[in-house]
Enquirer: 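Attaching a single structure in structure tokens format; questions to follow.
None of the values given here were measured: they were computed from a predicted structure. Every number for a ligand or one of its atoms is a count from 1 in the order of the listing.
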Amino acid sequence: MNKITAAITAVGSYVPDFVMSNKVLETLVDTNDEWITSRTGIKERRILKEEGQGTSYLAIKAAQNLIERANIDPNEIDMVILATTTPDMPVAATGVYVASQIGATNAFAYDLQAACSSFLFGMSTAAAHIQSGRYKKILLIGADKMSSIIDYTDRSTCIIFGDGAGAVLFEPNEEGLGLQDEFLRSDGVGRDFLKIEAGGSIMPPSEETVKSRKHFVQQDGKTVFKYAVSGMADVSEKIMQRNNLTKEDVNWLVAHQANRRIIDATANRIGLEQEKVLVNIHRYGNTTSATLPLLLSDFESQLKKGDNLIFAAFGGGFTWGAIYLKWAYNKQ
Ligand code: UT7
């Protein structure tokens with residue numbers, strides 16, 4: 001019997017209808033379209049506006065999109081992993097609700113949090129479960145309602161983030177396709193540079209924490225930028241080297257969409273031409289856990305069976321890493 005690898009066999013996505021353009025942000029903070037475009041590559045992002053709808057709404061829509069596109073029976077799903085930094089509530093796990101709502105009645109579910117690397121780390125977790133032979137269909141969803149934790153008076157964060165969700169299905173493969181290798185890293189030095197200070201166990205919510213806007217994301221953008229550029233480029237180079245991949249062997253770079261300049265720096269380090277770099281940051285901004293599956297969903301028709309994909313991400317914590325995956329199907 002051939003070795004079992006874990007392949008992505010279906011994708012889906014969802015973004016809310018409301019478009020927040022750079023022009024809209026000009027009315028909220030002291031910024032302008034030219035600055036945002038040249039410094040980040042972002043032109044617009046989507047925002048989930050409706051009251052009472054959280055990350056689960058985005059995740060359910062993305063999962064349903066995958067189920068429809070690939071004609072999957074949700075009863076056959078064994079496990080649902082929701083990669084997210086913005087759960088509906090601190091307790092109970094949002095993935096559990098999502099699994100029930102999509103009819104994955106035979107699955108167990110939970111959430112996985114590693115900031116902007118949540119989906120990448122989730123790929124590792126899902127693949128390991130498939131490779132173990134214990135589970136046959138794992139739905140990995142990346143979803144974040146970043147607008148719920150962003151301060152729209154802070155120009156250093158509100159221009160970057162947006163809301164969205166994407167989903168992939170992992171299944172066993174005996175042709176050697178799917179996840180080939182991973183190089184995942186973390187470093188606690190990052191916790192001072194990108195954080196939400198209040199609402200956790202160190203600083204529970206109080207009138208004071210709300211007044212001082214401590215429930216919103218704060219970041220030292222410059223420092224995060226520096227770590228992100230070197231981190232993502234290092235791991236991408238490393239995973240190519242140890243798998244003997246030249247730039248000609250790599251078909252696609254699937255990089256976390258946080259800043260166009262970080263994506264370009266990573267591509268330059270591994271010598272990849274622009275045509276091989278998947279980019280949709282101009283349309284969605286940084287959707288945190290959703291950037292990687294949103295890319296796969298948007299570019300699905302261009303991905304061919306056997307293509308070599310390098311995934312790379314960097315996030316708060318710090319967390320970062322790269323994954324080498326062989327694409328497993330041609331879209332019909
Ligand atoms: O996924 C992980 C999550 N986060 C990231 O990956 C974010 C990484 N960091 C970044 O993407 C960038 O650091 C930012 C986009 C946040 C900022 O870009 P930057 O090129 O690092 O700008 P900066 O912070 O060095 O600021 C340059 C100038 C400053 O003005 P002075 O001091 O030169 O006069 C800022 O005050 O730009 C000013 N500035 C702005 N101007 C207009 C900062 N933010 C804005 C803004 N609009 N939104």
Side-chain angles (χ1 to χ4, degrees), residues 20-45 83-86 113-122 142-147 149-164 166 184-196 216-236 253-267 279-282 284-295 311-322:
M20 185 184 267
S21 65
N22 291 348
K23 286 277 164 213
V24 173
L25 285 167
E26 285 180 10
T27 67
L28 301 178
V29 289
D30 180 15
T31 192
N32 57 76
D33 176 45
E34 199 282 321
W35 192 96
I36 301 173
T37 307
S38 61
R39 298 287 180 128
T40 69
I42 302 166
K43 294 301 280 185
E44 57 188 42
R45 63 293 289 143
T84 188
T85 296
T86 53
Q113 207 276 54
C116 290
S117 304
S118 301
F119 188 84
L120 189 85
F121 286 15
D144 270 306
K145 184 183 169 186
M146 293 306 291
S147 60
I149 53 170
I150 292 303
D151 182 353
Y152 286 92
T153 67
D154 177 1
R155 70 177 183 174
S156 70
T157 52
C158 74
I159 56 145
I160 299 172
F161 292 99
D163 301 340
L184 308 182
R185 313 295 306 142
S186 64
D187 186 343
V189 73
R191 109 174 182 160
D192 288 333
F193 302 117
L194 178 50
K195 62 185 170 186
I196 296 177
F216 293 120
V217 172
Q218 304 159 28
Q219 73 164 347
D220 172 348
K222 247 188 194 345
T223 305
V224 177
F225 185 89
K226 266 200 296 205
Y227 275 95
V229 165
S230 62
M232 266 177 44
D234 285 350
V235 292
S236 304
L253 174 66
V254 189
H256 175 52
Q257 309 281 295
N259 186 317
R260 180 68 204 245
R261 291 184 290 145
I262 301 174
I263 304 166
D264 290 345
T266 305
V279 176
N280 58 13
I281 191 170
H282 50 293
Y284 309 132
N286 181 351
T287 54
T288 301
S289 311
T291 59
L292 301 180
L294 271 173
L295 285 171
F311 290 79
F314 186 92
F318 293 123
T319 54
W320 73 103

Enquirer: Is any side-chain heavy atom of Leu294 closer than 4.5 Å to a side-chain heavy atom of Tyr284?
Expert: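 In short, these two side chains touch, coming nearer than 4.5 Å.
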
Enquirer: What orientation do Phe193 and Phe318 show, parallel under 30°, tilted 30 to 60°, or perpendicular over 60°?
Expert: parallel

Enquirer: So, do Cys158 and Val29 sit near enough that their side-chain heavy atoms are less than 4.5 Å apart?
Expert: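 Yes, at least one pair of side-chain atoms sits under 4.5 Å.
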
Enquirer: For Asn259 and Thr40, does a side-chain donor sit closer than 3.5 Å to a side-chain acceptor?
Expert: no

Enquirer: For ligand 1, which atoms sit closer than 4.0 Å to a heavy atom of Ile159?
Expert: 48 (N)

Enquirer: If you count the atoms of ligand 1 from 1 in the order shown, which ones are under 4.0 Å from a heavy atom of Asp30?
Expert: 42 (C), 47 (N)

Enquirer: For Gln219, take its heavy atoms, then give the atoms of ligand 1 lying under 4.0 Å from any of them.
Expert: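 Every atom of ligand 1 under 4.0 Å from some heavy atom of Gln219: 4 (N), 5 (C), 7 (C), 16 (C).
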
Enquirer: Contact between Thr288 and ligand 1, counting heavy atoms under 4.0 Å?
Expert: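 No, Thr288 has no heavy atom closer than 4.0 Å to ligand 1.
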
Enquirer: Counting only heavy atoms on the protein side, is anything nearer than 4.0 Å to atom 4 (N) of ligand 1?
Expert: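 Protein heavy atom within 4.0 Å of atom 4 (N) of ligand 1: present.
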
Enquirer: Measuring from the heavy atoms of Ile160, does anything fall under 4.0 Å of ligand 1?
Expert: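 Contact check Ile160 vs ligand 1: positive.
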
Enquirer: Given Glu26, Arg261, Glu34, which has its nearest heavy atom closest to atom 19 (P) of ligand 1?
Expert: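 The option holding the nearest heavy atom is Arg261.
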
Enquirer: Protein heavy atoms: any of them under 4.0 Å from atom 33 (O) of ligand 1?
Expert: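 No; the ligand atom in question lacks any protein heavy-atom contact below 4.0 Å.
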
Enquirer: Please name all residues satisfying side-chain hydrogen bond (donor to acceptor under 3.5 Å, both in side chains) with Ser186, sequence neighbours left out, ordered by chain then number.
Expert: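 Expected list: none.
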
Enquirer: Considering only heavy atoms of Asn286, which atoms of ligand 1 have at least one such atom less than 4.0 Å away?
Expert: 1 (O), 3 (C)

Enquirer: Within the 4.5 Å heavy-atom criterion, are Met20 and Leu28 side-chain neighbours or not?
Expert: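 In contact.
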
Enquirer: Under a heavy-atom criterion of less than 4.0 Å, does Ile262 contact ligand 1?
Expert: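 Distance cut 4.0 Å: Ile262 passes for ligand 1.
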
Enquirer: Verify the contact flag for atom 37 (O) of ligand 1, where contact means a protein heavy atom under 4.0 Å away.
Expert: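 So atom 37 (O) of ligand 1 has protein heavy-atom neighbours under 4.0 Å.
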
Enquirer: Which atoms of ligand 1 are found less than 4.0 Å from any heavy atom of Arg39?
Expert: 19 (P), 20 (O), 22 (O), 27 (C)

Enquirer: Does any N or O of ligand 1 fall below 3.5 Å from an N or O anywhere on Thr31, backbone included?
Expert: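 Right, the criterion is met.
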
Enquirer: Which atoms of ligand 1 sit under 4.0 Å from any heavy atom of Thr40?
Expert: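 Matching atoms, with element in brackets: 15 (C).
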
Enquirer: Answer yes if the side chains of Asp144 and Thr287 hold a donor-acceptor pair under 3.5 Å, and no otherwise.
Expert: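 No, Thr287 and Asp144 have no side-chain donor paired with an acceptor closer than 3.5 Å.
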
Enquirer: Among protein heavy atoms, which lies nearest atom 6 (O) of ligand 1, and at what distance?
Expert: Ala258 CB, 3.5 Å

Enquirer: Provide the number and element of each atom of ligand 1 under 4.0 Å from a heavy atom of Cys116.
Expert: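 Result: 1 (O), 2 (C).
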
Enquirer: Evaluate the side-chain proximity of Trp320 to His256: yes if any heavy-atom separation is below 4.5 Å, no if none is.
Expert: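 No, their side chains stay 4.5 Å or more apart.
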
Enquirer: For atom 15 (C) of ligand 1, is some protein heavy-atom partner under 4.0 Å away?
Expert: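 Within 4.0 Å: yes, protein heavy atom nearby.
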
Enquirer: Which residue is it: Ile42, Thr288, Ile149? I am looking for the one with a side chain to side chain contact (heavy atoms under 4.5 Å, CB included) to Phe161.
Expert: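 Filter result, single survivor: Thr288.
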
Enquirer: Taking the side chain as every heavy atom from C-beta outward, state whether Val189 and Tyr227 have any atom pair closer than 4.5 Å.
Expert: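 Yes. Closest side-chain heavy atoms under 4.5 Å.
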
Enquirer: Which one of Trp35, Phe314, Phe161 has a non-hydrogen atom at the shortest distance from atom 45 (C) of ligand 1?
Expert: Trp35

Enquirer: Decide yes or no for Ile281 and Asn286: does some side-chain heavy atom of the first lie under 4.5 Å from some side-chain heavy atom of the second?
Expert: no

Enquirer: Measuring to protein heavy atoms, does anything land under 4.0 Å from atom 22 (O) of ligand 1?
Expert: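 Yes; the ligand atom in question has protein heavy-atom contact below 4.0 Å.
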
Enquirer: Polar contacts were defined as any N/O atom of the residue lying under 3.5 Å from an N/O atom of the ligand; does this apply to Ser156 and ligand 1?
Expert: no

Enquirer: Can you report which non-hydrogen protein atom sits closest to atom 25 (O) of ligand 1, along with the distance?
Expert: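 For atom 25 (O) of ligand 1, the nearest protein heavy atom comes out as Lys222 NZ, 2.6 Å.
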
Enquirer: If you measure every N/O of Gly221 against every N/O of ligand 1, is any gap under 3.5 Å?
Expert: yes

Enquirer: Is there a side-chain contact between Gln257 and Asn280 in this structure, where contact means two heavy atoms from C-beta onward sitting under 4.5 Å apart?
Expert: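 Of all side-chain heavy-atom pairs linking Asn280 with Gln257, at least one is under 4.5 Å.
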
Enquirer: How far is atom 11 (O) of ligand 1 from the closest protein heavy atom, and which atom is that?
Expert: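 Answer, as residue, atom name and distance: Asn259 ND2, 2.8 Å.
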
Enquirer: Identify which of Gln257, His256, Arg155 has a heavy atom lying nearest to atom 35 (C) of ligand 1.
Expert: Arg155

Enquirer: Output yes when Arg45 and Asp163 qualify as a salt bridge under the 4.0 Å nitrogen-oxygen rule, no when they do not.
Expert: no

Enquirer: Is it true that Asp33 and Lys43 have a side-chain N and a carboxylate O under 4.0 angstrom from each other?
Expert: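 Yes, Asp33 and Lys43 are salt-bridged.
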
